[in-house]
*Asks:* 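Please see the structure below; I have some questions.
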Number of protein chains: 2
Amino acid sequence: MDVFGALASPVRRELVQLLLERPRSAGELAANFSMSRPSVSEHLKVLRDAGLVSERRYGRRRLYRLEAEPFRELSQWLGPYERFWRDKLAGLRAVLEEDES
Amino acid sequence: MDVFGALASPVRRELVQLLLERPRSAGELAANFSMSRPSVSEHLKVLRDAGLVSERRYGRRRLYRLEAEPFRELSQWLGPYERFWRDKLAGLRAVLEEDES
DNA sequence: ACAATATGTAGGAGAATTCCTACCTGTCAA
DNA sequence: TTGACAGGTAGGAATTCTCCTACATATTGT
């Protein structure tokens, strides 16, 4: 599953959002959800496989942290569309000003 | 299915990319894929339901066009992560310059 | 009116996703 | 060394996704 597929799940987007604040352990992450801990662990695996997060072991804990690169790629993918909607807004503004005059 | 879910499919991302150039009819879009035309039509429905594209009928043709708003929302969602990876890059640069000195 | 064109919908098969409980593994602390 | 803790893996049920062929609907040109 690629980056887009990984972010398609609301649960995984929430995980990613939690990791944006700071790295957290698997258990701490799981505590934020009503689903079972193993299920959260599976979601973490999806995020890992997509390269969105990495994991380091500290004793019996595993700290998950956000990886920057995939988000950079996402941003690049979005670039052309961003230009698209900015142009749309600019066009809209022009029309509104036209009406005012 | 929401915007993220809709963009999880490579086929739908390609559709969206085609529509970024200009609005196109369902048939013209389908011609770009090796899968059956009805399947492409179903992908278009997913994009429609997610609000990513809209459709206007011109006779027996239906022109699909990209909608700006969902991409704007995507951009806003990405905002905090964009800051995240920019900070990472800045940090990396700082470390490299440190090494040089 | 009729055949051809453009496109969506129905129904279904097969694959993938998502969640669960049970279980296994490695680490820490007494 | 042994029990408790942190966390991943296995196997499976229910659901959703993706693709197909067949069919239905609307429009156009003759």
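Quick note on labels: first sequence line is chain A, next is B, and so on, each numbered from 1. Note that the coordinates shown come from a computational prediction; the quantities given were computed from them, not determined experimentally.
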*Asks:* Does the dG8(D) base have a donor-acceptor partner in the side chain of R37(A) within less than 3.5 Å?
*Replies:*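 Side chain to base: pair found, below 3.5 Å.
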*Asks:* Heavy atoms from C-beta onward define the side chain here; which of dT7(C), dA6(D), dC19(C) lies closest to that of H43(A)?
*Replies:*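 Ranking dT7(C), dA6(D), dC19(C) by closest atom to the H43(A) side chain puts dC19(C) first.
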*Asks:* Per the atom types in the model, does the base of dC20(D) pair as donor or acceptor with the side chain of E42(B) at under 3.5 Å?
*Replies:*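 When only heavy-atom distances are counted, E42(B) does reach the base of dC20(D) through a donor-acceptor pair under 3.5 Å.
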*Asks:* Atom CG of L47(A) to atom P of dT17(C): distance rounded to whole Å?
*Replies:*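 In whole Å, dT17(C) P lies 13 Å from L47(A) CG.
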*Asks:* Checking only heavy atoms, does the side chain of R60(B) share a donor-acceptor pair with the base of dT5(C) at less than 3.5 Å?
*Replies:*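 Looking at the base of dT5(C), it does pair with a donor or acceptor on the side chain of R60(B) (distance under 3.5 Å).
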*Asks:* Does a nitrogen or oxygen in the side chain of S39(B) sit under 4.0 Å from OP1 or OP2 of dC20(D)?
*Replies:*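 Indeed, a polar side-chain atom of S39(B) lies that close.
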*Asks:* Is the phosphate of dG7(D), meaning OP1 or OP2, less than 4.0 Å from a side-chain N or O of Y58(A)?
*Replies:*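 It does not, given that no N or O in the side chain of Y58(A) lies less than 4.0 Å from OP1 or OP2 of dG7(D).
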*Asks:* Between dC20(D) and S36(B), is there an OP1 or OP2 to side-chain N/O distance shorter than 4.0 Å?
*Replies:*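 So the side chain of S36(B) is within the cut-off, an N or O lying under 4.0 Å from OP1 or OP2 of dC20(D).
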*Asks:* Please tell me which of the listed nucleotides, dG8(D), dC19(C), dA6(D), lies nearest to the side chain of P38(A)?
*Replies:*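 The answer is dG8(D), which lies nearest to the side chain.
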*Asks:* For M35(A) and dG8(D), give me the distance from atom CE to atom P, rounded to whole Å.
*Replies:*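 My rounded result for the distance is 15 Å.
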*Asks:* Return the nearest nucleotide to the side chain of M1(A); candidates are dT9(C), dT17(C), dG7(D).
*Replies:*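 Among the listed nucleotides, the one closest to the side chain of M1(A) is dT17(C).
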*Asks:* So does S41(A) get a side-chain nitrogen or oxygen closer than 4.0 Å to the phosphate oxygens (OP1/OP2) of dG7(D)?
*Replies:*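 Result: no.
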